[in-house]
Amino acid sequence: MDDNSHASRIPSFIREAIAEDLQSGRFNYVRTRLPPEPNGYLHIGHCKAFLIDYFAAQEFGGELYMRFDDTNPAKEETEFVKAIEEDAAWLGIKWAKETFASDYFDLLYEWAVRLIKMGLAYVDDQTQEEMSASRGTLPKGTKWSETAATLKPGVDSPYRNRSVEENLDLLERMKNGEFEEGSRVLRAKIDMQSPNLLLRDPVMYRIMNVSHHRTGDKWHIYPMYDWSHGQNDSMQGITHSLCSNEYIIHRPLYEWFLQQLGAFPSRQIEFSRLNLTYAMMSKRKLRKLVETGVVRGWDDPRLTTLRGLRRRGVPPSAIIDFVTGLGETKNDSWVEMAQFEAVIRDHLNKMALRRMAVLHPLKLVIDNYPEDGVEEMDAINNPEDESAGTRKVPFSKVIYIEQDDFRETPPPKYFRLYPGNEVRLRYAYLVKCVGVVKDEAGNVVEVHCTYDPATRGGNTPDGRKVKSTIHWVSAKHAILAEVRLYDQLFTVDRPDDGDVDSIINPNSLTILESCYVEPALGESNPGDAFQFERTGYFCVDSDSQNGKLVFNRTVGLRDTWGKIEQGGKN
């Protein structure tokens with residue numbers, strides 16, 4: 001990805017805010033960050049934040065840090081760190097420095113000690129249930145903007161006025177592993193009457209007797225996200241912390257910490273999150289799908305993880321154009337899957353080589369063609385890209401066509417092959433159906449035709465009109481392939497809102513094991529993208545082996561999601 005190709009496509013309100021900060025002297029440089037949690041794989045929802053942070057730094061000549069938020073060792077794995085690095089690089093994102101929240105555990109602890117000494121933090125022995133009751137909770141469905149009118153006043157913890165000396169001693173012993181998990185926490189002392197629930201003495205550290213993937217057993221307390229995140233931004237000199245709207249309510253807390261500590265004042269700017277229909281964004285639910293075997297792994301093409309999208313054949317340029325082309329994004333809204341699919345289709349139309357493949361083969365015999373005759377037909381590789389050139393496609397007496405391209409008794413307005421009708425074979429000849437062969441059950445298993453030698457290349461020297469052109473593959477030269485057809489994984493358009501077990505589409509994957517493709521595809525490699533003419537866009541799957549190609553359908557040639565939205569079938 002060209003670093004500057006999309007730099008101007010960050011939301012204008014973010015661009016204006018950063019420019020104002022530089023002009024006013026609030027900052028004299030720009031540094032943004034990507035703060036992923038290494039507890040799962042990146043999905044389409046993460047792309048928006050990643051790209052906005054990246055392009056914002058690019059536009060203002062700044063730099064981007066990759067900082068893994070590894071503050072919960074119970075759920076984090078090195079596997080996810082590597083996967084996030086690879087997926088971000090696949091998108092074309094470059095970062096100046098890679099760090100971890102755990103790199104700052106020592107300094108974060110020092111800052112916590114400072115707050116205790118200032119009388120602004122204390123160790124609380126209450127249970128989680130007792131703390132929740134004393135802080136207050138929001139009724140289900142209540143918006144953050146309604147907290148002032150909904151919340152009852154908080155109640156101070158009986159441990160809130162512990163002495164500085166006792167708090168320092170207890171925190172040190174917590175760190176050294178002297179107490180059981182859940183027995184104590186460190187809380188900031190802010191305002192138990194605040195209408196913002198997050199300012200009601202939030203927890204900073206909890207006891208976790210769990211080994212960390214980087215620090216081992218050094219720590220028995222780990223920082224909460226709200227304590228580590230804003231402080232890590234400050235410690236790294238992050239000028240602009242760009243994040244989604246759910247963090248608006250967290251901003252006063254981050255600013256309070258930095259003000260009390262006199263630390264570098266990073267500025268947080270929020271934008272709407274990417275909500276895409278039929279896409280699951282909950283990492284917890286995605287993990288369940290993987291662990292229960294509903295999908296084949298984090299890279300299952302039915303998922304909108306970056307791994308899944310890449311395996312399905314979605315080019316990174318399509319993801320970038322889709323995300324950065326959504327326009328002004330201050331308010332949360334939903335984007336239809338059809339819109340994403342249209343962008344993918346547009347990109348693949350320009351870049352994918354054309355090939356012929358028959359997914360539901362029906363044998364066609366050309367009775368008057370030479371028994372051992374073989375010709376090579378000239379075929380265009382991509383009509384959208386003249387530089388892609390042409391290729392040779394072998395043609396012979398016996399070919400395969402799609403079952404849907406023949407009807408013994410044609411319905412109204414059916415212009416493809418049927419007894420007595422003439423069609424054009426793509427790049428080859430005109431053929432006319434003269435008979436069929438059926439099995440014992442009466443099913444057509446073979447179509448017989450005659451061809452007109454004067455129509456080579458599909459031309460009609462006498463000017464006669466032929467209303468249909470169909471694709472084909474020479475039986476003598478065809479390569480056997482498996483094709484995987486993917487449909488939506490979920491039966492509802494907002495799967496994060498439902499119970500995972502009840503919304504799975506049982507027909508989300510159809511595997512066709514006896515497909516035939518033209519020989520040029522025998523030289524393809526995993527990840528290569530193609531348009532199967534008249535069928536859709538496909539890519540070579542990593543399961544492909546010598547002698548057995550496997551293709552994944554990336555997207556159809558037309559809008560299938562629109563039909564789904566209207567209750568139709570894909």
Side-chain angles (χ1 to χ4, degrees), residues 36-47 50 68 70 72-91 93 213 274 276-316 318-319 337 340-341 344 481-492 495-496 498-513 524-529 537-546 548-555 570:
E37 299 177 65
N39 60 359
Y41 287 76
L42 296 182
H43 55 64
I44 186 68
H46 295 116
C47 292
F50 273 43
F68 289 96
D70 56 343
N72 187 355
K75 295 183 178 180
E76 294 155 3
E77 300 176 19
T78 302
E79 168 196 351
F80 298 133
V81 172
K82 298 299 182 185
I84 291 169
E85 292 170 344
E86 293 172 4
D87 288 346
W90 175 70
L91 271 181
I93 293 174
H213 73 110
L274 173 57
L276 182 65
T277 60
Y278 293 100
M280 180 168 281
M281 305 295 189
S282 166
K283 284 193 286 187
R284 177 182 60 83
K285 291 185 176 182
L286 286 171
R287 183 190 285 264
K288 181 179 179 181
L289 292 176
V290 173
E291 292 178 346
T292 57
V294 173
V295 294
R296 297 181 173 185
W298 288 96
D299 66 344
D300 191 298
R302 289 168 291 182
L303 298 179
T304 50
T305 58
L306 292 195
R307 289 288 167 105
L309 292 173
R310 179 160 75 236
R311 188 170 183 181
R312 188 160 179 161
V314 177
I319 297 174
M337 179 62 78
F340 183 33
E341 187 182 62
I344 297 170
E482 176 182 307
V483 174
R484 299 170 182 174
L485 305 177
Y486 294 98
D487 204 339
Q488 79 273 23
L489 180 59
F490 307 106
T491 57
V492 296
D496 282 334
D499 174 63
V500 173
D501 297 327
S502 64
I503 60 174
I504 300 300
N505 175 12
N507 302 312
S508 62
L509 171 61
T510 300
I511 298 178
L512 307 177
E513 296 183 337
S524 55
N525 297 305
D528 288 351
Y537 294 97
F538 294 77
C539 79
V540 183
D541 187 78
S542 55
D543 285 345
S544 296
Q545 300 175 351
N546 290 335
K548 182 61 180 295
L549 284 172
V550 178
F551 292 92
N552 297 321
R553 182 172 63 187
T554 307
V555 68
N570 187 0

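Only this structure's heavy atoms are used, side chains among them; waters, hydrogens and symmetry mates stay out. Worth saying up front: this structure is predicted, and the values here are computed from it rather than measured.
Here the side chains of Leu42 and Cys47 are not in contact, with every heavy-atom distance at 4.5 Å or above. Annotation: side chain of His43 is not in contact with side chain of Leu306 (no heavy-atom distance under 4.5 Å). Side-chain contact between Glu86 and Arg307 is present, with heavy atoms from C-beta onward closer than 4.5 Å. Within the 4.5 Å cutoff, side-chain heavy atoms of Met281 are placed close to those of Leu276. The shortest distance between side-chain heavy atoms of Val483 and Leu485 falls below 4.5 Å. A 4.5 Å side-chain heavy-atom check between Leu489 and Tyr278 finds every atom pair outside the cut-off. At a threshold of 4.5 Å between non-hydrogen side-chain atoms, the residues Phe68 and Glu85 count as touching. Side-chain contact between His213 and Glu77: absent, with no pair of heavy atoms (C-beta onward) separated by less than 4.5 Å.
Without hydrogens or angle criteria, Asp528 side chain to Asn525 main chain gives a donor-acceptor distance under 3.5 Å. Looking only at distances, no side-chain donor or acceptor of Asn552 sits under 3.5 Å from a matching main-chain atom of Cys539. Not one N or O on the side chain of Thr304 forms a donor-acceptor pair closer than 3.5 Å with the backbone of Ala279. A distance-only check finds a donor-acceptor pair linking the side chain of Lys285 to the backbone of Asp496 [under 3.5 Å]. In this structure, the side chain of Asn505 does not engage the main chain of Phe490 through any donor-acceptor pair within 3.5 Å.
By the side-chain contact (heavy atoms from CB on, under 4.5 Å) test, Ser542 is found to be paired with Arg311, residues two or more places apart in sequence or in another chain being considered. Every side-chain contact (heavy atoms from CB on, under 4.5 Å) that Ala318 has, sequence neighbours left out, goes to Val314, Pro315, Val343, Ile344, His347.
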Less than 3.5 Å apart, which donor and acceptor atoms pair up between the side chains of residues 287-296 and the rest of the protein, not counting sequence neighbours?
residue : atom : partner : partner atom : Å
Arg287  : NH2  : Asn39   : O            : 2.7
Lys288  : NZ   : Asp501  : OD2          : 3.4
Thr292  : OG1  : Lys288  : O            : 2.6

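Ile44 pairs in a side chain to side chain contact (heavy atoms under 4.5 Å, CB included) with only one of the listed residues (Leu274, Thr305, Leu303), which is Leu274.
Closest of all the heavy-atom pairs between Tyr486 and Pro301 is OH-CG, 3.5 Å.
With 3.5 Å as the limit, one finds a donor-acceptor pair spanning the side chains of Ser508 and Arg302.
Arg553 contributes atom CZ, which lies 13.5 Å from atom OH of Tyr537 (distance to the nearest 0.5 angstrom).
Within a 6.0 Å sphere centred on NZ of Lys82, other residues, nucleotides and ligands contribute 12 heavy atoms or fewer.
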